[in-house]
2 protein chains.
Amino acid sequence: MATSSGPPTRHPAGATIYSVAERAGVSIASVSRVLQGSQAVSEKTRARVLQAAEELRYVPLAAARSLAVRHHEAHGLVLPELSGPYYSELLMGFESRAAELGQSVVLMLAQGKKDVPQAVRKLATRVDGIAMLGSSAIPDETVTALGGSKPVVLIAGDQTPAVDTVRAENTASAREVTAHVLGHGRTRLLFAGDPAAGPDIRDRYAGFVAAHDDAGLDAQPPVPVALREDEGTALADRLLKGDLDADALVCANDELALAVMVRLREGGLSVPDDVAVVGWDDVMTARYVVPGLTTVRQPVRELGARAADLLHERITGSAVPHSAQVIPTHLVIRSSCGCPPTTPTHPAPAARPRRTP
Amino acid sequence: MATSSGPPTRHPAGATIYSVAERAGVSIASVSRVLQGSQAVSEKTRARVLQAAEELRYVPLAAARSLAVRHHEAHGLVLPELSGPYYSELLMGFESRAAELGQSVVLMLAQGKKDVPQAVRKLATRVDGIAMLGSSAIPDETVTALGGSKPVVLIAGDQTPAVDTVRAENTASAREVTAHVLGHGRTRLLFAGDPAAGPDIRDRYAGFVAAHDDAGLDAQPPVPVALREDEGTALADRLLKGDLDADALVCANDELALAVMVRLREGGLSVPDDVAVVGWDDVMTARYVVPGLTTVRQPVRELGARAADLLHERITGSAVPHSAQVIPTHLVIRSSCGCPPTTPTHPAPAARPRRTP
DNA sequence: CTGTTAGCGCTTTCAT
DNA sequence: ATGAAAGCGCTAACAG
């Protein structure tokens, strides 16, 4: 056997519960008991087992244990991809919380996969539950089907029956930035982003509209662009060309906002004098660019952590009703909105670890 | 049973090979055969099995399969954390390649874990091999011990016996940037970064020295700072205060370089006129800052992909000798080094996906 | 070509 | 308190 597919590895097999039992001179049941922390074991056997296990550096094989206990002690996470700080932060929050809960995390990136639903189904095969981004390009039906057999939590997704949800607050903060810009005397605001692209952006646009309502103004329809630098550049060009008119831009994310700012300046327009620009996410560049980008910071890490928590509750807990949690965001005012430049200095955030090893 | 620990889930169990066999009116062996693509099955049974499996949406339980075949079809990846584009790109490269190879990826972030070696050992329990960053704070002994029982590939780590290695080229490119800066007539260069922090930086410093040698100059000793913005700010302060003297700074990464640039300017010094600054990684901000940051771009994605490849080869392949692959890097010249500003425009790279859902 | 059967390593009754 | 034994779901001989 093991001729064709199996790994003809040069690597030894590793201790099993049998080898530990043998070494300790007890039955495998006893070994299992002490390792499971069962009460019913004499101090003596416990000691012997512990020692034997230690000497053999024994760690139970996950697959065997999973099969026996019928769960995996692993959380699945499905993300579209990983560019920019958003997903990374989310992942960090998710991973650390999961680890605290004793769960491994199996990561799957949807982008580039040819058959995502199939990949998700396969993932489901090795985890106890799956958290995924609302817009991971997973068909709704796949999600609900999955939700029927495994716990699923949707991150930044629409509320769905039979599925838990976590999201950052969007409408109120959108309303707040928009009002702030309006407060600077701007009247011709444009919202850049496609509300149809997902609940986050939809809600941000809703806040944009609400702020206009508050001010007795009419909000312009959204300019449905993708959240990428190239689209920001193109958007700025339309402004420069006169295809579009605005004295302020509320962009659905920073990448967009940043690209717009740069292109606008290249085109001879001043930010914020000619047009104010605000974004979403507070990426690193937002602090470095001049003028500093006013933006909405989302507690993305926290979002990931909550997702891991919810998943775990749903997996272990009983039939609590499905929740839809919302985490508050935070407006970061710099000067691209029209506010005077802040302190001369550039406040680097608290220690952020290195990137290169 | 299943009263205490097991997930008292409201979620159905899912089809097993038995239910499929029963539905198809064949034995479980036949089901296994057709699902494994075995030759020896009649067209008729194959069809029935396929149909039954389809109807039941059957996907074999990973744990059961793993136990039987004695491997996991999963790669482990250990990273220190995920801030900045470096690790994210690495992870993306790793994940996609792993997926192409039919491997799941189990991710573990070392940062914040109290007992990393233990966590790694646990990880080893559910994967066929582990790729990890050279400087993931994993003790050498843990690595080699691990390497004894499972394939291990070190990313950007030191060549180690019994372990494969992938890394980006460092010395030559460091030599190249340094020579470039020297070519601008700068003579008082300083290298910012701690060579003792890992092979990458050590090699970069080596290239820095080599370039000086080439020019018949003596290289200054390195300024051992961590690769973080706050340390960059502090470094700039030392320069401004006169504690340190330099007309050019070769920084071991962009975060450092960027923070230095900003603080230098705040302190009244001009970049590059008074002091030239170059970095490593080509982060997004490097393109946005003024002047544009000259930097070395590493093929990080490729690095991740190669790691996944190597791991897979080592897992499935026979006893090929341990390799130490080096992937070439690429110098990106902008104007922080003293070169005239390039094209007025700001070349956004090809479509980079959105960050916010 | 197909069914029977023996494990894979571990947990968990059930006796003792 | 401890051991024997029965699975968990799947693969892979081994007989037919």
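No experiment lies behind these values; they were computed from the predicted model shown. Throughout, protein chains are lettered first and strands after them, A, B, ... in sequence-line order, and every chain is numbered starting at 1.
Comparing atom distances between the B:V69 side chain and each of D:dT11, D:dC8, C:dT2 picks out D:dT11 as nearest. Among the nucleotides C:dT11, D:dG9, C:dG9, the one closest to the side chain of A:T16 is C:dG9. Looking at the side chain of B:Q36, the nearest of the listed nucleotides C:dC10, D:dT2, D:dT11 is D:dT11. Distance from the side chain of A:A40 is smallest to D:dT2 among C:dT2, D:dT2, D:dG9. Closest contact between the side chain of A:I17 and the listed nucleotides C:dC10, D:dT11, D:dT2 involves C:dC10. Closest approach to the B:A64 side chain among D:dA12, C:dC8, D:dC10 is made by D:dC10 (side chain taken as heavy atoms from C-beta onward).
Regarding B:H72, its NE2 atom lies at a distance of 13 Å from the C1' atom of C:dC10, rounded to whole Å. Nucleotide C:dT11 holds its P atom 12 Å from the CG atom of B:L67, rounded to whole Å. Between B:L35 atom CG and D:dA12 atom C1' the separation is 15 Å, expressed in whole Å. Atom CZ of A:R126 and atom P of D:dG9 are 17 Å apart (whole Å). A:R65 places its CZ atom 16 Å from the P atom of D:dG9, with the value rounded to the nearest Å. Counting to the nearest Å, the C1' atom of C:dG3 and the CD atom of B:E22 are 16 Å from each other. The distance between atom CG of B:D128 and atom C1' of C:dC8, rounded to the nearest whole Å, is 14 Å.
For the pair B:V26 and B:A68, nearest-nucleotide mapping onto DNA chain C gives the more 5' position to B:V26. Where A:I28 and A:V41 meet DNA chain D, the nucleotide closest to each residue was compared, and A:V41 sits on the side nearer the 5' end. Nearest-nucleotide positions on DNA chain C for B:A29 and A:V59 put B:A29 closer to the 5' end.
Distances shorter than 4.0 Å separate none of the side-chain N or O atoms of A:S42 from OP1 or OP2 on D:dA1. OP1 or OP2 of D:dT11 has not a single side-chain nitrogen or oxygen of B:Y18 nearer than 4.0 Å. For B:R70, a side-chain nitrogen or oxygen approaches OP1 or OP2 of C:dG9 to under 4.0 Å.
Heavy-atom minimum distance, A:P299 versus A:A168: CD-CB, 4.5 Å. Of all the heavy atoms in A:R167 and A:A156, the pair that sits closest is CB-CA, 4.0 Å.
The residue A:S30 sits close only to the backbone: its heavy atoms come under 4.0 Å of sugar-phosphate atoms, none of a base. Backbone-only engagement by B:L61 is indicated by non-hydrogen atom pairs under 4.0 Å involving sugar-phosphate atoms exclusively. A:T45 comes within contact range of the sugar-phosphate backbone alone, with a heavy-atom separation under 4.0 Å but no base atom that close.
Side chain of B:T144 to backbone of B:G147: no donor-acceptor contact under 3.5 angstrom is found. B:K150 contributes no side-chain N or O that, together with a main-chain N or O of B:D128, makes up a donor-acceptor pair within less than 3.5 Å. Here the side chain of B:E55 pairs no donor or acceptor atom with the backbone of B:A53 at under 3.5 angstrom.
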>> Between A:R65 and A:Q36, does the side-chain hydrogen bond (donor to acceptor under 3.5 Å, both in side chains) criterion hold? Intermediate values first, please.
In response: CA-CA 11 Å; A:R65 181 176 157 76; A:Q36 299 310 307; 3.2 Å; yes
